[in-house]
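Whatever order the structure lists them in is the order used to number ligands and atoms, beginning at 1.
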Amino acid sequence: MDAAEAIQILDVERERGLALIDEAASLEELEAARVSLLGRKARFTEVQKALGGLADEDRRTVGKLANETRAVLNAELQARGAELERAGEAEFLEADGVDVTLPGRHPRSGSLHPLSIVENDIVDTFTRMGYVVAEGPEIEDDWHNFEALNIPPDHPARTMKDSLYLAIPGLLLRTETSAVQIRTMESQDPPVYIVVPGRVFRREAADTTHSSVFHQVECLAVDEGLSFAHLRGTLEAFARAMFGPRRRIRLNPTYFPFVEPGAEVEVSCFTCDGVGCKVCGNGWIELLGSGMVHPNVLENCGYDSERYTGFAFGMGIERVAILRYEIPDMRMLLDTDIRLLAQFGAA
Ligand code: 2NL
């Protein structure tokens, strides 16, 4: 191979190379082009091998041209390579990528059940006054559910007709949360200030205002020197915290075996402010039952009823929820119907 031939080959290879590189549609095609232009069997390589056989002058001229040719081809190979890589990346993103500008899919969020909202509000009112939350078993024995509470053996609550007994003799589903207060008094000395939320069970048919399962909050305070005035003050503070600062309460005598005296508590209507409306009728709403703890109950728990006195009261959470949210049927609170729950935040 002489110089003229070598120069011609380099010119041809350079033009062929630029076209080949330009036409390469993938990184694989580009690599094939590189091998064909600069690989071991390429014509360019033949020229390089032939350099040694050329005269000094020719070798310099051809060598310089060969170097330039290789530099130009390498630069083009690299530029086209980068271009193809970018295109591949864009294609990948197009196919598999995530559009981060799309609006998110929101999971449907849950919310507190209205009974939980009301229960929390009631319990919070008393914990703010210093009461401690106490809880206990839903299956109780005769002693904690009835006897310790001064409920006589012939009391109708004790009959199969009114309570839900287990097949195991002497056990029943608790009819009040009072059993928890008994257990607390049995296990600790006064003073006692507890608030007791929980499910209770009665053997009765469900209607708009009754259910065989419902929820209660009861409170018990036992200390030296507690009087009926402390009970009244506590109830008034509770009524105002729950239903607004303008509320008044009134107490009427009533009977529960576990208190003496017992009082039924009414609160002035929070809808009409005591004037009379469809929620309350005559301006007053029956709220809860209360009283001074019967000395027999204190003694049953090992407390000295000469030294200690106490007050207690209990209320149905469903009743408070029905009043607060004007829910027409108690069964709606236990149905888990999303149309009701959605109104308390669930979507
Ligand atoms: C109501 C009335 C009441 C009590 C519960 C109680 C508990 C002990 C001692 C004395 Cl350990 N009393 N609890 C007292 C009066 C009324 O509940 O209507 N509940 C839904």
How about Glu89: does its CD atom have over 12 heavy atoms from other parts shown lying under 6.0 Å from it?
no
Suppose we call two aromatic rings close when their centres sit under 6.0 Å apart. Are Phe344 and Tyr325 close by that rule?
yes
Between Glu186 and Arg183, does at least one N-O distance fall below 4.0 Å, as a salt bridge requires?
no
Apply side chain to side chain donor-acceptor pair (under 3.5 Å) to the pair His215 and Glu119, showing each step before the final yes or no.
CA-CA 9 Å; His215 300 74; Glu119 181 182 290; 5.7 Å; no
Distance from atom 6 (C) of ligand 1 to nearest protein heavy atom, with residue and atom
Ala312 CB, 3.4 Å
Using a strict threshold of under 4.0 Å (side-chain N to carboxylate O), is an ion pair present between Glu13 and Arg16?
yes
At what distance is the nearest protein heavy atom to atom 16 (C) of ligand 1, and which residue and atom is it?
Gly289 O, 3.2 Å
Does atom CD of Gln8 have more than 12 heavy-atom neighbours from other groups under 6.0 Å away?
no
Would you mind telling me if ligand 1 is within reach of the side chain of Leu288, the backbone, both or neither, using heavy atoms under 4.0 Å?
neither
Can you tell me which residue and heavy atom of the protein come closest to atom 3 (C) of ligand 1, and the distance to 0.1 Å?
Gly314 N, 3.5 Å
For Glu218, atoms of ligand 1 separated by under 4.0 Å from a heavy atom:
4 (C), 5 (C), 6 (C), 7 (C), 13 (N)
Phe256 and ligand 1 - part of the residue with a heavy-atom distance under 4.0 Å
side chain
Counting each atom of ligand 1 from 1 as listed, which ones have a heavy atom of Gln181 under 4.0 Å away?
7 (C), 11 (Cl)
At a non-hydrogen distance cut-off of under 4.0 Å, which region of Gln216 contacts ligand 1 (side chain, backbone, both, or neither)?
side chain
Atom 8 (C) of ligand 1 - nearest protein heavy atom and its distance
Leu149 CD2, 3.8 Å
Of all protein heavy atoms, the one nearest atom 10 (C) of ligand 1 is Phe258 O, 3.4 Å
Would you say the ring centroid of Phe311 lies under 6.0 angstrom from that of Phe228?
no
